[in-house]
Amino acid sequence: MTALLEVEGLRKNFGGGASLLGAKRAMTRAVDGVSFTLAAGETLGLVGETGSGKSTLGRLVLRLIEPSSGRLRFEGQDVLRASAGELRAMRPRMQMVFQDPYGSLDPRMTAGQIIAEPMKTQGMSRAEARERVAALLSLVGLRAAMAGRYPHEFSGGQRQRIGIARAIALDPALVVLDEPVSALDVSVQAQILNLLAEIQARSSVSYLFIAHDLAVVRHVSDRVAVMYLGRIVEIAPRDALYRTPHHPYTVSLLSAVPHADPVRERTRERIRPIGEIGSAAALPSGCRFHPRCPRARIIAARGGETMASAGTRLPQACVTEDPALAPAGSAQHFAACHFPEEN
C-alpha cells in the first residue's frame with residue numbers, strides 16, 4: 001500500500017538550557033526518534049501509559065507543535081519544510097479530534113457555526129456551508145435542526161459527534177484521534193467507534209487513533225504501536241500483537257485487560273511492571289524499560305552476564321544497550337527488546 005504519512009526519526013524535546021537564574025534545566029525527551037508509516041484507509045492504534053508521549057506525537061504529526069528534529073511527509077510533501085502557505089493548503093487534509101468534546105468546542109458558537117468554520121476559511125459560500133453542515137449533522141447521527149444549539153445544550157456523546165463532523169468537514173485524508181472516547185460512557189463509546197468506522201468505510205480516511213484502552217484499540221485498529229517514554233517499543237498488525245506480544249511492556253499492558261468471563265478474570269495471570277512509569281527528563285541508560293521489566297529480572301536470575309542497576313542485578317545488555325526496533329516473529333512485527341522471544 002502507498003504510504004499516506006511517513007514519519008522518520010521524529011523528536012520533540014522540551015526544556016534544556018539555563019533558567020533565568022542560571023540553573024541548568026533538565027531536557028524532557030517527550031518524543032525520541034519515532035518512525036512509522038500510515039497507509040491510506042488504515043487505522044494505526046497508538047497506546048501507552050500517561051506520559052509515554054502519545055498526544056505529543058499526535059500534535060507533531062499535524063505540526064500543531066514544532067518538532068526538534070526528524071522527517072515528516074504527508075501525501076508525498078515534506079511537512080516540516082513547508083512554507084506557511086503550503087502548510088495552509090495541507091490543513092484541510094489533516095485534522096484532529098480531541099479528547100474533551102466540550103473543551104474543544106467554542107461555547108460562544110452554535111454547532112452549525114463550529115462545523116462551518118473550516119469551510120468558510122476555505123472560501124465556501126454561506127449557502128454551500130449551510131447545506132454541508134446539515135449533511136454532516138445527519139452523517140454523525142444528529143438532526144439538522146440542532147445546528148442552532150450551543151455546546152452546553154448537547155450531551156458528551158453528541159458534542160463528540162460535533163467535533164467529528166467538524167474534523168471531516170473538508171474531507172481530510174488523515175484524522176488524528178486523541179483519546180476520542182475516553183471521556184464517554186461505554187454505550188456511547190460504542191456508538192462513536194461505529195460512527196468512525198462508517199466514515200472510514202465511506203471515505204477511506206486514515207486514522208491515527210491514540211488511546212490507553214487496549215480493548216478499544218483492538219476494536220478499531222489495523223496495526224498497533226506501543227509507546228513507552230517517547231519511543232515506539234513494539235509495532236505489529238493488530239491480531240499478531242494481541243496474540244503474541246514480544247515486548248515485556250506490551251505483555252504487561254495486555255495482562256491488565258479484564259476478561260468478560262468472571263471465571264477467567266479470577267484466574268488470569270497478571271504481569272505487572274515494577275513501580276511507576278519513569279520520567280522523560282531522566283531517562284535510564286540502556287533499555288528505558290529495564291528499571292520496571294519483570295522479564296529482565298527472570299533472565300538475570302537464570303545466570304549469565306549481569307550488572308547492578310538501582311540495587312538489582314539485571315542482564316548487562318538491558319542496562320547498557322538501547323535496543324532498536326527489530327523484526328520479532330514476522331516481517332511485519334517489530335519490538336525494541338534484547339530478549340523479544342522470552343515470553
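Source: prediction; values computed, not measured. Below, each value reflects all heavy atoms present in this structure, side chains not excepted, and no hydrogens, waters or symmetry copies.
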Mind checking the CG-CG spacing from L208 to L5? Nearest 0.5 Å is all I need.
-> 7.5 Å
Does a side chain donor of either R108 or Q113 reach within less than 3.5 Å of an acceptor in the other side chain?
-> no
Does some side-chain heavy atom of R218 sit less than 4.5 Å from a side-chain heavy atom of L214?
-> no
Side-chain contact test, heavy atoms from C-beta onward, threshold under 4.5 Å: evaluate it for V140 versus L195 and give yes or no.
-> yes
Rounded distance (nearest 0.5 Å) linking atom CZ of F98 with atom CZ of R166 | 9.0 Å
For V319 and S309, work out which heavy atoms get closest and say how close.
-> CG2-CB, 4.0 Å
Going by heavy atoms in the side chains, are F339 and P315 under 4.5 Å from each other?
-> yes
Side-chain donor/acceptor of R63 to backbone N/O of A82, under 3.5 Å | yes
So, R292 side chain and G275 main chain: donor-acceptor pair closer than 3.5 Å or not?
-> yes
Give the minimum heavy-atom separation between L10 and P67, together with the two atoms involved.
-> CD1-CB, 3.9 Å
Under a 4.0 Å N-O cut-off, is there an ion pair linking D32 with K12?
-> no
Report yes or no: does S252 contribute a side-chain atom to a donor-acceptor pair with the main-chain N or O of Y249 at less than 3.5 Å?
-> yes
Could you grab the distance from atom CG of L193 to atom CD of E198, nearest 0.5 Å is fine?
-> 13.0 Å
Just wondering, are more than 12 heavy atoms of other shown residues or ligands nearer than 6.0 Å to CD in E131?
-> no
Candidate pair H212 and T50, rule side chain to side chain donor-acceptor pair (under 3.5 Å), full reasoning | CA-CA 8 Å; H212 63 270; T50 299; over 6 Å; no
Under 3.5 Å, side chain of D185 to main-chain N/O of V188, donor-acceptor pair present?
-> no
Does one side chain, of E42 or Y207, offer a donor that lies under 3.5 Å from an acceptor on the other?
-> no
For side chain to side chain contact (heavy atoms under 4.5 Å, CB included), just list the numbers for L4 and T37, CA-CA rounded to whole Å, side-chain angles, deciding distance to a tenth of an Å, and then say yes or no.
-> CA-CA 8 Å; L4 173 78; T37 59; over 6 Å; no
Any link between L64 and L38 through a network of hydrophobic side chains (Ile, Leu, Val, Met, Phe, Trp, Tyr) touching at under 4.5 Å?
-> yes
Is the CD atom of Q332 crowded by more than 12 outside heavy atoms at less than 6.0 Å?
-> no
Mind listing the closest non-hydrogen atom pair of H219 and R238 along with its distance?
-> O-NH1, 4.4 Å
Find out if a path of hydrophobic residues (ILVMFWY) with successive side-chain heavy-atom gaps under 4.5 Å connects I192 to L105.
-> yes
Can you name the closest pair of heavy atoms from S52 and I277 and give their distance?
-> N-CD1, 4.2 Å
V47 side chain near F209 side chain, heavy-atom distance below 4.5 Å | no
Taking side chain as C-beta onward, heavy atoms only, is M227 less than 4.5 Å from L57?
-> yes
Check whether any side-chain N or O of E117 sits under 3.5 Å from a backbone N or O of I114 as a donor-acceptor pair, and report yes or no.
-> no
Rounded to the nearest 0.5 Å, what separation is found between the NE2 atom of H338 and the SG atom of C293?
-> 10.5 Å
For C337 and P323, which heavy atoms make the closest approach, and how far apart are they?
-> N-CB, 3.8 Å
Would you say V176 and V217 are hydrophobically clustered, going by side-chain heavy atoms of ILVMFWY under 4.5 Å?
-> no
Determine, for D178 against R59, whether the closest basic-nitrogen to carboxylate-oxygen distance falls under 4.0 angstrom.
-> yes
From E8 atom CD to L80 atom CG, the distance as rounded to the nearest 0.5 Å = 11.0 Å
Would you say S35's side chain and G9's backbone share a donor-acceptor pair under 3.5 angstrom?
-> yes
Shared ILVMFWY cluster between I210 and I164, side chains joined below 4.5 angstrom?
-> no
Apply side chain to side chain contact (heavy atoms under 4.5 Å, CB included) to Q158 and E153, showing your working.
-> CA-CA 9 Å; Q158 289 173 328; E153 298 179 271; over 6 Å; no
Heavy-atom check, side chain of R297 versus side chain of L314, under 4.5 Å | yes
Give a yes or no on whether a salt bridge exists between D171 and R93, defined as a side-chain N under 4.0 angstrom from a carboxylate O.
-> no
Counting N and O atoms only, with roles assigned by atom type, does the side chain of E86 sit under 3.5 Å from a partner on the main chain of S83, one being a donor and the other an acceptor?
-> yes
Do E234 and H246 have side-chain atoms, one donor and one acceptor, less than 3.5 Å apart?
-> no
Please lay out, stage by stage, how I162 and L142 fare under the test side chain to side chain contact (heavy atoms under 4.5 Å, CB included).
-> CA-CA 9 Å; I162 294 168; L142 299 175; 3.8 Å; yes
In terms of heavy-atom contacts, A236 and L241 come closest through CB-CB, 4.0 Å
Okay, side chain of S206, backbone of G41: is any donor-acceptor separation there less than 3.5 Å?
-> yes
Donor-acceptor under 3.5 Å (N13 side chain, M27 main chain) | no
Are any non-hydrogen side-chain atoms of T306 and Q316 less than 4.5 angstrom apart?
-> no
Between R223 and I235, is there a donor-acceptor pair closer than 3.5 Å when you use the side chain of the first and the backbone of the second?
-> no
Kindly compute the distance separating CG (L196) from CZ (R161), expressed to the nearest 0.5 Å.
-> 9.5 Å
Transitive ILVMFWY side-chain link M96 to F36, under 4.5 Å = yes
Residues E6, R71: salt bridge by 4.0 Å N-O rule | no
Mind running salt bridge (charged side-chain N to carboxylate O under 4.0 Å, His left out) on R231 and D322 for me, showing each step along the way?
-> CA-CA 11 Å; R231 289 263 182 93; D322 190 4; 2.7 Å; yes
Ion pair check, E128 and R132, cut-off under 4.0 Å | no
Do P92 and P118 touch side chain to side chain, with heavy atoms closer than 4.5 Å?
-> no
According to the interplanar angle, ranging from 0 to 90°, do the rings of F289 and H247 count as parallel (below 30°), tilted (30 to 60°) or perpendicular (above 60°)?
-> tilted
Taking 4.0 angstrom as the limit, do E305 and R313 come out as a salt bridge?
-> no
Tell me, with the steps shown, if V233 and R288 meet side chain to side chain contact (heavy atoms under 4.5 Å, CB included).
-> CA-CA 10 Å; V233 296; R288 57 194 63 196; 5.5 Å; no
